[in-house]
Amino acid sequence: MSVRKLPAPEANPETSPYWEAAKKGVLLLRRCTACRRAHHYPRALCPFCFGDRLEWQAASGKGSIYSFSVMQRAPVPYAIAYVTLEEGPTMLTNIVDCDFASLRIGMTVRLVFKPTEGGAALPMFTPD
Amino acid sequence: MADGVSTRGLVGTRAGHGPCLDTARATHLASLEWRGVAGRMTIKGKAYIAGAFEHPTRNAPDKSVAQLHAECAKGALEDAGLTKDDVDGYFCAGDAPGMGPLSLVDYLNLRLRHVDSTETGGSSYLVHVAHAAEAIALGRCSVALITLAGRPRSEGMATGTAPRQGNPAQPDLQFEFPYGPTVVNMYAMCAMRHMYQYGTTSEQLAWIKVAASQHAQHNPNAMLRDVVSVQDVIESPIVASPLHRLDCCVISDGGGALIVVAPEVMQDLHRPRVKIIGAGEAPKGQFGGDVDLTFSGASWSGPRAFAEAGVKPADIRYASIYDSFTITVLMQIEDLGFCTKGEGGRFVADGNLISGVGKLPFNTDGGGLCNNHPANRGGMTKVIEAVRQLRGEAHPAVQVKDCALALAQGTGGVLGSRHGSATLILERE
Ligand SMILES: [Zn+2]
C-alpha cells in the first residue's frame, strides 16, 4: 500500500516555536495572559482581545472529533478533521491509524505525530 | 452622511464577529448597524442593474482569459444599450489576470474614475454590485462594469480534489495545507456536521441537485442537461464523505458581466428596470479556534440585506443561491431565514426548490450544479439569473410568474474554513 506524502509546513518567526515543539512530540497552544483564553492556530496577538502577552502551553493531546471527511478521490484516501482539544480550541488535522469507516463525530481521540517530507512533525490524532 | 459612513465601517469590521463580543457592546454596535442600515446610509433605490451577460461558452481552449472578460463586457454593455465609453467604474476580482484591476483596465482601454477589486472568491461579484451601488450613491461613478472570466476546464485544473498551495505568508496555510484540505472535503465537513447535529440526510441534499437538473434541462447552454433522481445522486461515487460526485458543481470555462447604473442613466435605457434595494456582506472564519461549521456568513449578510430592503424572506419570489455543493445551498437557505436552522433538509426535499412546483424556486438556469461555474466562481451567474427572472427573460419553462422580488446569495472561499458571504435583494420596478 502506498503511503501518503505530507508536505512540510513552512514556519516563520511567529510560529517556529510551535514547529520546534512538534519535532519533540509536543503540541503547543497559545494562551493570552490578559483574557486567559487559548487559541489556534497560534498568533503573536490574541485573536480575542488583541492582548500581546501570550504564553505557550503544552496541550494534553486529548480531544474529540468535531467533524471529519474521508477523501476518497485521492491517490491514498485520508481523513481530514476538525478536532476540539480538551483546552478549548478546535484545530484542522488528520485522523490516522484507524479504520475510516469507524469514525464518528464526538469520538475521543489522542495526539500522534507524523513525519513530513524533510520538515517538522505534524500533529494528528487517532481514536482512543 | 460622513457620520453614516464611519458607522458602517465600524460595524463592518467589528460587529461581524458577534459571538466573540460581550453582550452590552454587541447590542450597542448592533444598534449602530441598525441605524446605519435603516436611516442615513442606504443603497436602496440608488442604482439599477441595466445589463447582464452570461458567456455561452463552457469550454474555451481557443480563447484567452482577458478575451473572455472583454467578450463578457461587450455582451453586458450591448444588453444594457450602452457603449464602452459610457463606463466610468470597473469592478473585478481575483480571476482578473494582472495586478488587481490594472491589467484589465488597460486591456479593455477604459477611462475610469472609480475602480474596486474586492476579492471574496465566488461571492466577489455580489459584493461588487453592492459596492457599485454605494459608489453610484456617492456620485463616484454612474456606469459600473463588473466582469468575471476563467478557464479552469480547458486548463485541466483539479478544482475540487487537489489541495491548493498558496502564498506561505498566508497565516493559516502552514497549519492547514499539510493536512490535505481540498475544496470538496472542507465543504464535506460542513455536511457531516449538519447531518450529525440536525439529522440531515444524503437524500435531502440530493433533492437540491434534482431541482437544479430539472431547471437545467431547459437551458441549451447548460453543461449537464440530463434530469437526475435522488437515487442517481446518492448512487454516484463518494468524492469526500458524505458528498457524492453529483453533490458537486460543474467545472466550466466562461464568464459573465454586469452593468450597474445610476437612476438618471437607467431612465434613458430601454430595458426592464431591476432596482437594487438591499445588500449585505459578511466574512466568516474560524474565530481563533471556536470553529462552528453549522452556519455560514449568510446568517449575517442576509439579515442586513433584508433590513435594508425592508422585506422578509417570505416575500422573495425567486432566489439564486450559490451552489458549489448541495450543502452550500442548504446552509444558506437556513441562514437567510427561508426556514429555521436545522430544518433545511426537510425544506429542500420533495421538489420545494423546483420552479412551478415548490415554494422557493432557485437557480432556474441550472446553477453551478448543472449549468455553469465559470472560473470556479458562481456569484456572477447567480446575479445574472436573478436579473433574468425579474425581467421575465428566464426560460418560459422555469420563469416565475410575476417575479417582482428576487434574492441573490453568494459565498466565496471555503465554507469549512474561511469564506465571504454576500446577499443582494433586487426588485423589478
Ligand atoms: Zn486575549
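In this text the structure is predicted, and so the values were computed from the model without any measurement. Proteins come first, then strands; the chains are lettered A, B, ... in the order of their sequence lines, and each starts at number 1.
Only the side chain of A/P47 has a heavy atom closer than 4.5 Å to any heavy atom of chain B. At a 4.5 Å heavy-atom cutoff, the contact between B/M186 and chain A is made by side-chain atoms alone. If you measure heavy-atom distances from A/Y78 to chain B, the contacts under 4.5 Å come from the side chain alone. In this structure, no portion of A/R104 lies under 4.5 Å from any heavy atom of chain B. At a 4.5 Å heavy-atom cutoff, the contact between A/M91 and chain B is made by side-chain atoms alone. When heavy atoms are compared at a cutoff of 4.5 Å, A/T116 does not approach chain B at all. At a 4.5 Å heavy-atom cutoff, A/A79 makes no contact with chain B through either its backbone or its side chain. Looking at A/Y18, only its side chain comes within 4.5 Å of chain B, counting heavy atoms on both sides. For B/P171, the parts lying near chain A are the backbone and the side chain together; criterion is any non-hydrogen pair under 4.5 Å.
Remark: aromatic rings of B/W207 and B/F347 are distant, center separation not under 6.0 Å. Centroid-to-centroid, the aromatic rings of B/H373 and B/Y322 come within less than 6.0 Å.
With chain B as the partner, the residue from A/W19, A/Y66, A/Y82, A/F68 showing the most heavy-atom pairs under 4.5 Å is A/Y66. The candidate from B/D292, B/L173, B/V184 with the greatest count of non-hydrogen atom pairs under 4.5 Å with chain A is B/D292. Comparing B/P242, B/P168, B/A169 by how many heavy-atom pairs each has under 4.5 Å with chain A, the most go to B/P168. Among the candidates A/H39, A/K5, A/K114, A/H40, the residue making the largest number of heavy-atom pairs closer than 4.5 Å to chain B is A/H40. Top candidate by heavy-atom pairs under 4.5 Å with chain B, chosen from A/S67, A/A11, A/C46, A/C49, is A/S67.
Side-chain contact annotation: A/S102 with A/D99, donor-acceptor N/O pair under 3.5 Å absent. The closest side-chain donor-acceptor pair between B/E176 and B/Q286 falls under 3.5 angstrom.
Both the sub-6.0 Å distance and the 45° axial angle are not jointly satisfied by A/R31 relative to the ring of A/W56. A/F113 does not carry A/K23 over the face of its six-membered ring by the limits of under 6.0 Å from the centre and within 45° of the normal.
Other residues, nucleotides and ligands contribute more than 12 heavy atoms inside 6.0 Å of the NZ atom of B/K341.
Residues B/G344 and B/E334 approach most closely at N-OE2, 2.9 Å, considering heavy atoms.
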